[in-house]
Amino acid sequence: MTTITLPERDLQILSGTLEENFRYLNERLRVRVAARGDKVSLEGEAESVVLAEKLLQELGKLVATGYAVGKEEFRTALRVLEEDPSVNLVEFFTDATIPDSVKRLVVPRNLKQRLFIQALIRHDIVFAIGPAGTGKTYLAVAMAAAALAEHRVRRIVLTRPAVEAGERLGFLPGDLVEKVNPYLRPVYDALYDILGYDRVARHIERGVIEIAPLAFMRGRTLNDSFMLLDEAQNTTPEQMKMFLTRLGFHSKAAITGDVTQIDLPNEKTSGLVQARQILDNLPGICFFDFAKEDVVRHRLVEKVVAAYEKFDGSKRGNGR
């Protein structure tokens, strides 16, 4: 058993509401946590106890600086240490390479998300490829909003291809924009979550934020813009080339997709897959890969992704 000492007030903050953070620590690491006054005892397997001790000690330092450590920060910190026990948590949460405007909107939930944010800062074109739940679209939208807030861009342009699981636009009611809106809903959801409904509505009305189907991008040159292409695995090679060549002066582009969820007809090549083959070694362009281990939604999402990967692997092994 290991006992550490922290200021009682800081310990109360770290324990969370009704000690929910300590219960989570026990559930995740199988470490029993008992706090009394300014002391907390940790009991379990040696390796897990060492990890829990570092977690509490470093989060205690973070709380002492005035940083708000809530449930999400506590869980993020534990996830980060599980990935790399050598990480300095104080530096992770106060990373000076991430602009304050980004930190006000979103906090990276694991090491991979922090590296993705840094890639978006350093490169003008970034491809983010990986499974659902890794935060690709959400972080890209947050970076776009931060760039707008800092006046580094004058507008945000968000787009998706209108191809989903075999459904056809002709069967949907309304004009073309109304037909495509349901496909853009995840982008709207991320914007509303980050900026709030009223601000998003004002920006859309003024044309500061444009959310459009990919077909509407043809023939344009977008200067001083942050461009986001979501669900890029469902673009054709021609559409991908068209989107990438819309990039104007002082603009950035983020392209997100999951190559395991391609809904194009079988004979069609994915523009995202082909883009990697053509552009992978081109300076100024970054291809960033997320894995199932980087999923930060409900913990069951990671297990669902892993189960499907195992199932698909067994089908290929059986020659089906």
Side-chain angles (χ1 to χ4, degrees), residues 97-99 101-102 105-106 116-129 136-163 176-177 180-181 183-184 186-188 190-191 194-195 199-257 270-288:
T97 64
I98 299 178
S101 59
V102 177
L105 296 173
V106 65
F116 178 49
I117 289 174
Q118 291 170 343
L120 286 168
I121 293 170
R122 294 169 183 162
H123 298 86
D124 286 339
I125 298 178
V126 178
F127 289 81
I129 302 171
K136 307 181 298 297
T137 301
Y138 195 90
L139 288 174
V141 171
M143 289 296 291
L148 185 65
E150 290 188 342
H151 306 291
R152 287 184 279 113
V153 299
R154 289 190 290 111
R155 61 179 165 175
I156 298 171
V157 180
L158 310 173
T159 186
R160 284 178 121 205
V163 177
L176 182 57
V177 174
V180 170
N181 259 347
Y183 297 96
L184 297 168
V187 176
Y188 280 103
L191 273 173
I194 291 166
L195 292 178
R199 187 182 299 178
V200 171
R202 288 197 302 271
H203 283 331
I204 291 176
E205 184 179 350
R206 294 167 49 209
V208 175
I209 294 177
E210 180 182 348
I211 305 175
L214 185 57
F216 285 18
M217 302 291 288
R218 193 173 299 278
R220 305 175 63 186
T221 300
L222 298 169
N223 297 317
D224 303 301
S225 301
F226 195 113
M227 302 159 51
L228 169 61
L229 171 58
D230 192 30
E231 297 290 336
Q233 76 275 5
N234 288 328
T235 60
T236 64
E238 295 78 14
Q239 287 174 325
M240 178 61 75
K241 180 181 177 182
M242 180 271 291
F243 174 80
L244 292 174
T245 53
R246 300 309 93 203
L247 193 70
F249 294 110
H250 312 297
S251 293
K252 281 182 175 286
I255 300 96
T256 64
S270 167
L272 180 59
V273 173
Q274 189 190 76
R276 181 156 217 166
Q277 297 168 348
I278 297 172
L279 306 173
D280 202 6
N281 297 314
L282 204 63
I285 296 179
C286 174
F287 282 85
F288 196 93

Among all residues two or more places apart in sequence or in another chain, which pass the salt bridge (charged side-chain N to carboxylate O under 4.0 Å, His left out) test with R199?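 Result, salt bridge (charged side-chain N to carboxylate O under 4.0 Å, His left out) vs R199: none returned.
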Under a 3.5 Å distance rule, please check whether K252 uses its side chain to pair with a backbone N or O of H123 as donor and acceptor.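 Judged by distance alone, yes, a pair lies under 3.5 Å.
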Strictly distance-based, threshold 3.5 Å: is any side-chain N or O of S225 a donor or acceptor partner for the main-chain N or O of M227?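 Side chain of S225 to backbone of M227, a donor-acceptor pair under 3.5 Å: no, none is there.
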Check: M143 and I121 side chains under 4.5 Å, non-hydrogen atoms: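 With C-beta onward as the side chain, the pair touches.
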Between [atom1] on residue [X] and [atom2] on residue [Y], distance to nearest 0.5 Å:
{"X": "L214", "Y": "T159", "atom1": "CG", "atom2": "OG1", "result": "4.5 Å"}
{"X": "T256", "Y": "L229", "atom1": "OG1", "atom2": "CG", "result": "7.0 Å"}
{"X": "I211", "Y": "L191", "atom1": "CD1", "atom2": "CG", "result": "5.0 Å"}
{"X": "N223", "Y": "S251", "atom1": "CG", "atom2": "OG", "result": "5.5 Å"}
{"X": "L139", "Y": "L120", "atom1": "CG", "atom2": "CG", "result": "8.0 Å"}
{"X": "L228", "Y": "L158", "atom1": "CG", "atom2": "CG", "result": "5.5 Å"}

Please identify which of these residues, E238, R246, M240, meets the side-chain contact (heavy atoms from CB on, under 4.5 Å) condition with M242.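 Going through the options one by one, the only one that passes is R246.
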Going by the angle between their ring planes, with limits at 30° and 60°, are F127 and F287 parallel, tilted or perpendicular?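 Parallel, since the angle between the ring planes stays under 30°.
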Check the pair I204, Y188 against side-chain contact (heavy atoms from CB on, under 4.5 Å), reporting the backbone distance first and the verdict last. CA-CA 11 Å; I204 291 176; Y188 280 103; 4.0 Å; yes
